[in-house]
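First the structure, in the form of structure tokens, and then the observations on it.
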Amino acid sequence: MRQTPPLAALLLIALGCTGEDRSSSSTADSARGGTVVISVGGDPDGLFPPILSTTTGKAVSDQTYDHLADLGSDLNTVGDGGFTPRLAKSWRWSSDSLSIEFQLDPRARWHDGRPVRASDVVFTYALYKDPTTASPTAPLIASIDSVTAPDSLTVVFWFGKRSPIQFFEATIPMVIIPEHALKGIRGQALRTSDIARKPMGSGRFRFVSWTPGSSIEVAADSANYHGRPRIDRVIWTIAPDPKTVFTRLIGGEADVLEQVPMGDLPQLAAHPELRPVLLQGLDYNFVAFNLRDPRNRARPHPLFGDRALRRALTMAVDRGRTVQSVYDTLAAVALGPTVRAYPTTDTTLKQIPYSLDDALRLLDSLGWRVSGADSIRQRNGRRLEFTLSVPGVSRSRMNMAVILQDQLKRAGAKVNIDRLEIASFVDLENRRAFDAVFHGWHVEASPGGIRQTWGASGTKSGGSNHGSYSNPEFDAAADSALSAMDLPTRRAHFKRAYQMIIDDAPAIWMAEPKTMMAINRRIRTPALRPDAWWSSIGEWWIPSTERIARDRVGPPR
């Protein structure tokens with residue numbers, strides 16, 4: 001009988017892995033060909049770029065369409081130094097930095113053979129901004145005043161004010177789509193148009209097919225202006241059952257799995273043909289306190305309106321042990337409302353330390369005294385008791401909630417865990433009808449979203465600051481950071497903002513999970529971008545000696 005290696009052994013392997021396969025490639029190995037099959041758990045929410053929100057949809061879109069420029073693996077979104085040309089072969093800033101002029105690559109062609117022109121970029125911007133399109137990307141390009149086309153290969157983005165992420169906003173949120181395929185179509189009709197299900201872009205892969213519930217296939221564009229991809233085909237094989245998604249990987253039917261569930265890691269270790277790839281994640285999770293009374297939002301929450309009480313509860317939680325217990329080495333303790341992948345994040349931020357003794361002393365000083373047989377503290381007849389709402393779909397957050405429940409009980413606080421299905425959890429948050437929630441954010445490549453998630457502007461109806469944390473000094477520091485024109489200054493302002501919110505303790509910052517992918521070792525890859533690991537698929541390759549039957553099918557003619 002085969003023995004499954006312990007998880008710790010696997011994690012030692014995982015710690016040594018990166019997103020890059022450094023195997024050398026001989027002349028024969030560099031020959032083009034082969035198929036990459038990616039196992040995913042569901043269909044995308046469409047293939048029309050302005051309305052996409054699923055990872056699979058964005059991954060397919062990024063193969064078939066182009067951005068004006070690409071973001072580098074260091075995720076530096078300040079200025080244009082971290083970007084490389086894509087559909088735009090060059091660009092030039094105006095002397096006042098209020099406009100950027102892009103020169104399109106004259107070799108670029110849509111997959112129907114027509115040339116890509118500046119008017120396509122103008123059309124794309126208008127389509128993303130059109131309220132009838134209802135694009136979730138529209139807020140990310142709100143600072144762009146207009147886009148003009150002085151000639152067929154020149155396009156100019158105009159801004160109302162200077163910002164360090166102007167270039168990011170002009171190049172990354174939008175992919176460029178063909179005007180001639182969509183002209184005259186607006187609103188809901190866009191979602192049912194031919195191109196919404198059969199994308200036609202200028203990217204290095206051409207769309208081949210989409211069979212809902214089964215697969216999506218793209219093939220190399222042999223005449224692409226950036227060169228033919230090294231891989232012939234990319235196929236996303238779809239299986240709603242999580243067990244089937246993993247089974248296809250270990251059974252050899254698929255080559256890539258984006259996120260290996262913790263429970264399946266021992267099986268991964270038992271398959272040496274699979275390469276674990278550990279990527280720095282763009283997620284963090286946390287227990288958010290509601291700072292306003294859910295029964296009367298004009299008043300502070302009877303417990304969490306008190307900053308000192310929030311700090312005492314934070315001191316009583318051993319975050320390091322909790323995160324290690326749930327994630328092993330596949331997550332770090334969260335630093336605050338940010339992630340380590342941002343170059344603007346200072347990892348020396350001073351945290352509220354774990355100290356049960358200090359927590360007990362602080363609670364005593366606040367008048368919360370232990371009374372009664374259950375050892376729960378009380379003050380003025382109110383028990384130190386609250387409900388923590390957790391989305392049941394997140395096994396890791398449920399596990400951490402149970403550990404927190406035990407740790408806070410030792411401090412004299414009673415936590416009632418309310419496990420909710422995801423729709424109910426989201427509704428509860430949107431109505432602000434909770435004491436505390438175990439939430440998580442997946443952040444964008446730029447830290448600009450902090451205004452919406454933790455700033456005062458996000459406390460309004462429809463905002464994402466569900467706990468209603470509000471501190472004008474934090475807002476000012478975040479605004480200064482987001483408007484700073486150089487990285488050191490930006491980083492310094494962010495450090496001040498993050499330290500302020502850590503000290504205010506509107507949440508207990510718990511974990512910053514990493515992404516554990518698995519890729520068949522016959523697939524060679526360059527370094528993978530943490531926010532979009534699929535961005536380099538055109539440069540993946542398979543040595544000729546390691547190809548299998550499906551690699552020899554070749555792209556459709």
Side-chain angles (χ1 to χ4, degrees), residues 284-294 299-327 331-337 348-390 396-419 434-439 467-469 471 474 498-512:
Y284 68 94
N285 57 50
F286 51 90
V287 172
F289 301 122
N290 193 346
L291 274 56
R292 309 304 302 177
D293 188 337
R299 300 184 309 213
H301 190 282
L303 296 178
F304 305 128
D306 184 348
R307 179 178 185 268
L309 176 65
R310 302 195 301 266
R311 289 178 59 87
L313 295 178
T314 302
M315 286 179 198
V317 174
D318 187 346
R319 299 185 298 147
R321 186 168 68 86
T322 304
V323 172
Q324 197 276 334
S325 175
V326 172
Y327 288 99
V333 174
L335 294 170
T348 65
L349 290 161
K350 186 178 179 182
Q351 304 293 316
I352 296 175
Y354 166 61
S355 172
L356 181 58
D357 290 341
D358 287 343
L360 298 179
R361 277 192 288 272
L362 182 52
L363 289 169
D364 285 342
S365 71
L366 295 172
W368 290 97
R369 307 289 183 181
V370 174
S371 63
D374 61 0
S375 299
I376 301 302
R377 292 172 181 268
Q378 295 188 24
R379 186 176 72 176
N380 300 328
R382 181 183 181 92
R383 285 163 58 85
L384 184 51
E385 178 176 356
F386 64 91
T387 298
L388 173 60
S389 301
V390 189
S396 57
R397 275 183 261 171
M398 275 302 304
N399 291 341
M400 283 193 287
V402 172
I403 297 173
L404 260 66
Q405 184 182 47
D406 179 63
Q407 294 181 356
L408 290 175
K409 185 177 181 181
R410 296 176 190 177
K414 181 173 175 56
V415 179
N416 303 303
I417 296 175
D418 185 18
R419 177 175 179 161
F434 61 88
D435 288 326
V437 288
F438 211 138
H439 194 81
S468 298
Y469 171 70
N471 182 336
F474 168 82
Y498 294 149
Q499 192 62 66
M500 206 174 306
I501 196 171
I502 290 169
D503 293 343
D504 282 343
I508 305 175
W509 319 105
M510 292 304 302
E512 185 182 327

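Hydrogens, waters and symmetry mates play no part in the numbers below; they use all other heavy atoms, side chains included.
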Heavy atoms only: give me the nearest [X]-[Y] pair and the separation to one decimal.
X: G305; Y: P300; answer: CA-CB, 4.1 Å
X: A507; Y: A288; answer: CB-CA, 4.0 Å
X: S468; Y: R292; answer: CB-CG, 3.6 Å
X: A436; Y: V287; answer: CB-CG1, 4.2 Å
X: L313; Y: I508; answer: O-CD1, 4.3 Å

With the side chain counted from C-beta on, respond yes when [X] and [Y] share a heavy-atom pair under 4.5 Å apart, and no when they do not.
X: V390; Y: R419; answer: no
X: Q407; Y: T322; answer: yes
X: Q405; Y: I417; answer: yes
X: H301; Y: D435; answer: yes
X: R369; Y: Q378; answer: no
X: L360; Y: L356; answer: yes

Inset, instruction - Walk me through it: do F386 and N416 pass the test side-chain contact (heavy atoms from CB on, under 4.5 Å)? - result: CA-CA 6 Å; F386 64 91; N416 303 303; over 6 Å; no
Inset, instruction - Among residues two or more places apart or on two chains, list those pairs meeting salt bridge (charged side-chain N to carboxylate O under 4.0 Å, His left out) that have a residue in residues 375-388. - result: D364-R377, D374-R383, R383-E385
Inset, instruction - For residues 303-312, pull every pair meeting salt bridge (charged side-chain N to carboxylate O under 4.0 Å, His left out), keeping only residues two or more places apart or in separate chains. - result: R307-D504
Legend entry - Carboxylate-amine/guanidinium contact D357 R361, below 4.0 Å: no
Legend entry - Exam field: side chain S365 to backbone L362, donor-acceptor pair closer than 3.5 Å: yes
Inset, instruction - Report yes or no: does Q499 contribute a side-chain atom to a donor-acceptor pair with the main-chain N or O of K350 at less than 3.5 Å? - result: yes
Legend entry - Point-to-point distance, once rounded to the nearest 0.5 Å, from CZ of R321 to CD of Q324: 9.5 Å
Inset, instruction - Assess the pair F286 and F438: is the distance between their ring centroids shorter than 6.0 Å? - result: no
Inset, instruction - Compute the ring centroids of Y498 and F474, then answer whether they are less than 6.0 Å apart. - result: no
Identify which one of [options] satisfies the side-chain contact (heavy atoms from CB on, under 4.5 Å) criterion when paired with [X].
X: W509; options: L335, V333, I501; value: I501
X: F434; options: L388, T387, D418, N290; value: N290
X: L303; options: L291, D293, L309; value: L309

Legend entry - Candidate pair I403 and D318, rule side-chain contact (heavy atoms from CB on, under 4.5 Å), full reasoning: CA-CA 9 Å; I403 297 173; D318 187 346; over 6 Å; no
